Every structure is written in C-alpha cells, then in structure tokens.
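Computed from a prediction, not measured in an experiment: that's the story for all the values here.
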Amino acid sequence: MKKYVIIVAGGKGLRMGSDLPKQFLPVGGKPVLMHTLEVFRKYDAAIQLILVLPREQQNFWKQLCREHDFDVEHRVVDGGETRFHSVKNGLALVQAPGLVGVHDGVRPFVSVEVIRRCYDLAEQHKAVIPVVDVVETLRHLTEVGSETVSRNDYKLVQTPQVFDVELLKQAYEQEFTPFFTDDASIVEAMGVPVHLAAGNRENIKITTPFDLKVGSALL
C-alpha cells in the first residue's frame with residue numbers, strides 16, 4: 001500500500017523569541033526539520049514525503065539543504081492561511097488508494113516504532129492517532145472557580161495522525177471552522193471514529209527555548 005506523510009512546518013518562531021522560524025533552529029548540529037524528515041525516511045525508504053512550507057521560507061530551506069548536504073528526497077508545497085489550509089495543499093499531491101500521515105515538522109523525536117504502529121493500525125481502522133497518558137493533575141475551569149478531574153479520562157494527542165487517503169480527502173472537503181485543531185477533529189466531524197495508538201513521550205513539539213534544551217538532551 002502506498003504511503004505518504006504531509007509534514008507541516010509553518011511556524012514563525014514567535015514563542016521561541018527568535019527571528020528564525022522554529023523548524024529551522026539547530027538541534028544537534030542541524031535544523032529541527034531535517035531530523036523530522038529523516039525519521040520518516042528511516043521508517044520507510046519508499047514513503048512519499050511532502051513538506052508544507054510558507055512560500056517566503058522555501059528559498060531559505062533550499063539554502064539550508066545545500067549547506068548541510070541534505071539529500072532526503074521530498075516535495076515542497078506552499079503553506080496556507082491556517083494549518084487546515086496547509087494540509088489541504090499537501091493533500092493535492094496525494095493519490096488514493098493508500099495511507100497518509102500528517103505530522104508536525106517540529107516533532108523530530110517521534111520514534112520509528114510509533115510511526116510504524118500508526119500506519120499498520122490505519123490499514124484496518126482508517127483513522128489512527130498516537131496518544132500518551134496525562135501524568136499531572138488536571139483542573140477544569142468552572143464559572144465559580146475550578147475543580148479536579150480524573151486524568152484517567154484524558155490523553156495527550158501527538159502526531160503523526162494517519163488516515164486512509166480517500167477518508168482524509170473527503171474530510172478536507174468540509175468548510176473550515178476554528179474547532180478543527182487537528183486532523184482527527186476534522187475526520188470526527190464526519191462521524192468517523194478515531195482509533196488511539198500508544199505514542200512515545202519523547203515526541204515533544206518544539207515551540208519554546210525550553211523545548212530546544214530538552215531536544216538537545218534527547219539527542
């Protein structure tokens with residue numbers, strides 16, 4: 001079965017406090033985004049890599065690839081106004097039948113095992129997302145204050161979120177709403193159930209200077 005992954009990298013680095021977009025910041029001697037692409041190539045040498053980048057960042061990305069002799073084959077697509085529109089642009093290069101994952105470009109530490117698990121399960125369940133347990137106490141804000149809720153009733157969601165190609169294409173024909181915070185929420189809006197798979201806790205999203213320190217430690 002043909003496999004694709006759409007890697008979304010539209011960050012501007014605002015929370016990082018840097019002029020350099022977070023996906024280009026160096027970790028272990030090379031940009032975060034290169035680590036991300038490499039782990040998917042390590043999972044499957046035949047997977048089709050589709051990188052979604054704002055048009056104004058694409059020349060800089062090409063320059064980085066030359067400087068680092070980065071030769072992992074991939075296609076680059078223009079980013080959209082929102083993440084929803086960016087993924088939709090990437091889907092234009094995806095053909096059915098097959099499986100397509102959507103992954104955050106600034107999650108370079110997803111394990112090969114988690115990627116494999118999500119794609120394998122998606123062959124049967126058609127919509128699979130990796131999750132990890134909540135380990136801290138949660139409080140729910142109410143009109144009069146807040147209250148403790150059972151953390152056993154919640155999971156933290158990661159990427160890659162993997163889907164049957166035809167299913168995800170159909171889901172992205174819906175009109176955009178702010179409720180669509182990830183691809184699973186878009187698929188669920190059609191009444192399609194989403195299957196949960198075990199993620200890996202190292203699969204952090206690098207968005208702050210502290211995350212960069214954690215990423216360097218993980219490497």
Side-chain angles (χ1 to χ4, degrees), residues 6-18 21-23 25 32 36 52 54 79-88 90-91 101-111 114-115 117-118 121-122 125-164 167-168 170-215 217-218:
I6 298 170
I7 296 176
V8 186
K12 295 180 172 61
L14 299 179
R15 279 179 286 180
M16 192 67 70
S18 169
K22 56 195 175 186
Q23 59 266 22
L25 291 171
V32 167
T36 305
V52 185
E81 180 183 352
T82 67
R83 187 182 189 279
F84 175 93
H85 298 95
S86 291
V87 174
K88 192 168 185 176
L91 276 172
V102 182
H103 188 69
D104 297 319
V106 289
R107 287 187 186 269
F109 302 115
V110 60
S111 71
V114 168
I115 298 173
R117 184 179 301 130
C118 290
L121 287 171
H125 297 286
K126 296 186 181 297
V128 177
I129 62 173
V131 298
V132 292
D133 292 337
V134 177
V135 296
E136 299 183 29
T137 299
L138 289 179
R139 292 192 68 83
H140 172 243
L141 300 181
T142 68
E143 293 182 357
V144 295
S146 63
E147 61 186 5
T148 301
V149 294
S150 173
R151 62 188 174 198
N152 295 328
D153 294 334
Y154 297 89
K155 297 290 184 182
L156 299 177
V157 177
Q158 302 179 331
T159 64
Q161 301 187 0
V162 184
F163 307 89
D164 173 82
L167 172 63
L168 194 62
Q170 182 183 356
Y172 268 87
E173 291 175 0
Q174 300 175 94
E175 290 294 325
F176 170 75
T177 76
F179 174 76
F180 293 157
T181 56
D182 66 355
D183 306 280
S185 62
I186 299 168
V187 168
E188 281 182 322
M190 298 195 305
V192 177
V194 173
H195 186 83
L196 305 185
N200 64 296
R201 190 157 294 282
E202 300 85 0
N203 185 14
I204 62 172
K205 188 174 183 180
I206 296 180
T207 58
T208 69
F210 176 77
D211 298 331
L212 267 182
K213 293 179 180 179
V214 173
L218 288 172

Handout entry: 4.5 Å side-chain heavy-atom contact, Ser111 and Asn203
Key = no
Handout entry: Shortest non-hydrogen contact between Ile204 and Val214, atoms and distance
Key = CD1-CG1, 3.7 Å
Completion exercise
Closest heavy-atom pair, Val52 versus Gly79, reported as atoms and distance to 0.1 Å, is CG1-CA, 3.5 Å
Practice task
Kindly compute the distance separating CZ (Phe109) from CD1 (Ile206), expressed to the nearest 0.5 Å.
Solution key: 4.5 Å
Handout entry: Pairwise distance NZ(Lys22) to NZ(Lys205) - rounded to 0.5 angstrom
Key = 6.0 Å
Exercise for the section: Report, as yes or no, whether the 6.0 Å neighbourhood of atom CD on Glu147 holds more than 12 heavy atoms from other residues, nucleotides or ligands. Expected result: yes
Practice task
Quick one: pull up NZ in Lys88 and OG1 in Thr82 and give me the separation to the nearest 0.5 Å.
Solution key: 10.0 Å
Problem - Atom pair CG (Asn152) and NZ (Lys155), whose distance is rounded to the nearest 0.5 Å - result: 8.0 Å
Practice task
Kindly say whether Gly105 contributes a backbone atom to a donor-acceptor pair with the side chain of Gln23 at under 3.5 angstrom?
Solution key: no
Practice task
Looking only at non-hydrogen atoms, find the nearest pair between Ser86 and Gly80 and report the distance.
Solution key: OG-N, 2.8 Å
Handout entry: Arg201 side chain to Val132 backbone, donor-acceptor under 3.5 Å
Key = no
Practice task
Would you mind reporting whether Thr36 and Arg107 have side-chain heavy atoms less than 4.5 Å apart?
Solution key: no
Handout entry: Rounded distance (nearest 0.5 Å) linking atom NE2 of His125 with atom CG of Leu196
Key = 10.5 Å
Completion exercise
In terms of heavy-atom contacts, Ile115 and Pro160 come closest through CG1-CG, 4.3 Å
Handout entry: Smallest separation among heavy atoms of Arg117 and Ala198, with atom names
Key = NH1-O, 2.5 Å
Handout entry: Any side-chain heavy-atom pair of Val102 and Leu168 under 4.5 Å
Key = yes
Handout entry: The single option from Val110, Ile7, Thr159 passing side chain to side chain contact (heavy atoms under 4.5 Å, CB included) against Asp104
Key = Thr159
Fill in the blank from the handout: Applying side chain to side chain donor-acceptor pair (under 3.5 Å) to Asp182 and not counting sequence neighbours gives Gln161, Ser185
Handout entry: salt bridge (charged side-chain N to carboxylate O under 4.0 Å, His left out) partners of Asp183, counting only residues at least two apart
Key = Arg83
Problem - Atom pair CD (Gln170) and CD1 (Ile186), whose distance is rounded to the nearest 0.5 Å - result: 13.0 Å
Practice task
Look at the rings of Phe84 and Phe180 and say which category their plane angle falls in: under 30° parallel, 30 to 60° tilted, over 60° perpendicular.
Solution key: parallel
Exercise for the section: Check each of Leu167, Val187, Val192 against Lys126 using the side chain to side chain contact (heavy atoms under 4.5 Å, CB included) test, and report the only one that passes. Expected result: Leu167
Fill in the blank from the handout: All heavy atoms of Gly199 vs all of Val114, minimum pair found to be C-CG2, 3.7 Å
Handout entry: pair Ile129-Gln158: side-chain heavy atoms closer than 4.5 Å
Key = no
Exercise for the section: Would you check if Arg139 and Leu141 make a side-chain contact, meaning some heavy-atom pair closer than 4.5 Å? Expected result: no
